[in-house]
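Taking it in order: structure first as structure tokens, then the write-up.
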Number of protein chains: 2
Amino acid sequence: MKDTEQSIIEAAILIFNEDLSAPLEKVADQAQVTRRTLHRYFKDRKELMDKCQKEIRKACAAAMANAYNTTQNPKERLEAMFYAGLDCGSKNTFLHKLHTLHDHKHQAANEECSEYDHTFELWKGNLQLLLTTGIINQGMTVDWIHNFFQSVVVVFINSQQKGSLARAEARQLAWFSFSKGIGI
Amino acid sequence: MKDTEQSIIEAAILIFNEDLSAPLEKVADQAQVTRRTLHRYFKDRKELMDKCQKEIRKACAAAMANAYNTTQNPKERLEAMFYAGLDCGSKNTFLHKLHTLHDHKHQAANEECSEYDHTFELWKGNLQLLLTTGIINQGMTVDWIHNFFQSVVVVFINSQQKGSLARAEARQLAWFSFSKGIGI
DNA sequence: GAATAATGTCTCAAATATGTGACATTATTC
DNA sequence: GAATAATGTCACATATTTGAGACATTATTC
């Protein structure tokens with residue numbers, strides 16, 4: 001039995017990632033349910049949005065933690081976590097987008113923001129380690145690398161949507177562009 | 001005397017780039033005019049959107065052509081055009097976004113699409129040359145590089161919006177990430 | 001297969017977004 | 001500073017989006 005609530009959330013992440021103010025009907029269509037059903041699961045737009053964020057954090061944090069634990073070596077960790085991030089796809093990029101919006105003021109005080117920071121804590125921590133030990137090019141900053149990472153995920157997603165590149169090939173290309181792009 | 005029409009277009013590009021279905025009031029606010037004034041210049045949402053696309057094509061195509069003509073050397077051209085693209089900022093990324101939307105079917109027959117292709121004709125042509133002569137890593141494709149380019153522009157824009165990185169520094173970082181990322 | 005749960009259909013009221021007319025106010029030009 | 005152009009304010013009609021009730025239809029469970 002498929003979980004309707006979950007499939008609506010997945011649909012919403014996909015739609016909102018492209019069009020933040022998209023009408024809920026688009027989300028319902030994407031999830032192949034009626035708008036009425038959507039409203040049975042989510043009181044209103046805000047609640048749906050919140051659930052999306054929670055889902056993303058859960059999925060990304062779990063994938064990252066899992067990748068983190070596959071090895072002790074910081075360089076290998078980087079690669080494992082990179083691929084984990086790729087596999088999270090638009091789940092990954094959506095939250096990031098919300099937190100880089102023009103009018104968004106990022107502040108650790110805000111609970112949303114601190115949870116966002118926490119989601120990528122392990123990832124950023126490992127980056128910091130690679131930076132201070134000089135394995136990653138010195139001119140880089142953690143912020144730049146993190147944004148760059150998110151961008152490469154977008155490139156990957158686009159290539160998959162267009163279907164012009166096989167998944168495995170695209171993953172390799174993505175890792176190449178990312179790792180070389182940060183000076184490894 | 002400032003050109004109201006132009007400043008509304010600039011505002012719209014900024015807003016729509018972040019939120020495609022944003023209410024026109026947001027655009028008006030960003031342009032520091034009332035919604036009423038916006039409607040005096042643009043019949044409706046569609047007309048505004050069309051003008052945005054026209055403006056982008058004009059600006060990007062001009063910047064690209066200009067950079068193209070600074071040198072004959074393909075590698076130097078790549079760098080010049082890259083920086084030109086950076087300087088076009090969100091003008092650059094907005095059109096690209098429209099043409100990579102989930103439901104967008106890209107087709108040369110469509111006038112919009114062919115004009116889009118044309119905007120980056122010189123850029124893509126030069127890329128192709130670098131690929132066939134083996135200067136750029138063989139595994140790459142023109143599409144991947146173009147998407148990657150657009151992504152790096154986004155990273156650059158984000159860094160500038162946050163103000164955490166000086167413009168000149170960010171430009172250097174961007175070129176490093178891009179050039180290394182495509183295997184130069 | 002009866003009972004229960006989930007979803008769809010149709011309807012409607014409220015909220016929000018859109019586009020325009022009428023006129024006041026402010027800039028600009030000569 | 002009078003004439004003109006541009007913009008703002010307010011009001012309004014229309015269109016779209018949103019959220020929920022009532023009930024029919026379809027799945028699921030026991």
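A note on names: the letters A, B, ... follow the listed sequences, proteins ahead of strands, and every chain is numbered from 1.
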Does the plane of the ring in F178(B) sit parallel, tilted or perpendicular to the ring in W175(B)? Use 30° and 60° as the thresholds.
tilted
Both atom distances under 3.5 Å, Watson-Crick or G-U wobble: I'd like the secondary structure of DNA chain D as a dot-bracket string, with | for pairs made across strands.
||||||||||||||||||||||||||||||
Expressed in angstrom and rounded to an integer, what is the separation of E25(A) atom CD from dA15(D) atom P?
18 Å
Answer yes or no: is there a donor N or O on one side and an acceptor on the other, between the side chain of N69(A) and the main chain of A65(A), under 3.5 Å?
yes
Strand-adjacent residues in residues 43-51 of chain B, judged by heavy atoms under 4.0 Å from DNA chain C:
K43(B), D44(B), R45(B)
Q172(B) atom CD: more than 12 heavy-atom contacts under 6.0 Å
no
Does R40(B) get its side chain close enough to the base of dG19(C), under 3.5 Å, for a donor-acceptor pair?
no
More than 12 heavy atoms of other residues, nucleotides or ligands under 6.0 Å from NE2 of H118(A): is that the case?
no
Between dT18(D) (P) and D29(A) (CG): distance, integer Å:
12 Å
Any residue meeting side chain to side chain donor-acceptor pair (under 3.5 Å) with K162(A), in chain and number order, not counting sequence neighbours
D143(B)
Would you mind telling me which of dG19(C), dC23(D), dG8(D) lies closest to the side-chain atoms of T37(B)?
dG8(D)
Nearest to side-chain heavy atoms of R35(A), which nucleotide of dG21(C), dG19(D), dA6(C)
dG19(D)
Can you tell me how far C1' of dA6(D) sits from CG of L38(B), to the nearest Å?
15 Å
What's the separation between atom CG in L48(B) and atom CD in E5(B), rounded to the nearest 0.5 Å?
9.5 Å
Rounded to whole Å, please give me the gap between NE2 in H39(A) and C1' in dA14(C).
13 Å
Using 30° and 60° as the class boundaries, would you call the ring planes of H96(A) and H146(A) parallel, tilted or perpendicular?
perpendicular
Spacing between R36(A) atom CZ and dA22(D) atom C1', to the nearest angstrom
10 Å
Without decimals, in angstroms, what is the distance between Q6(B) CD and dA6(D) C1'?
17 Å
Which nucleotide in the list dG8(C), dC23(C), dA6(D) gets nearest to the side chain of V33(A)?
dG8(C)
Nearest-neighbour nucleotide for the T4(B) side chain, dA6(D), dC10(C), dT18(D) considered
dA6(D)
Check the distance between dA27(C)'s C1' and D3(B)'s CG and give it to me in whole angstrom.
16 Å
What does Y41(B) touch in the nucleic acid at a heavy-atom separation under 4.0 angstrom: a base, only the sugar-phosphate, or nothing?
sugar-phosphate
Rounded distance (Å) that lies between atom P of dT17(D) and atom CZ of F42(A):
20 Å
K124(B), NZ: over 12 other non-hydrogen atoms inside 6.0 angstrom:
yes
Test ring pair (Phe, Tyr, Trp, His ring centres under 6.0 Å), reference F149(A), set Y83(A), W144(A), W123(A), F156(A), output is W123(A)
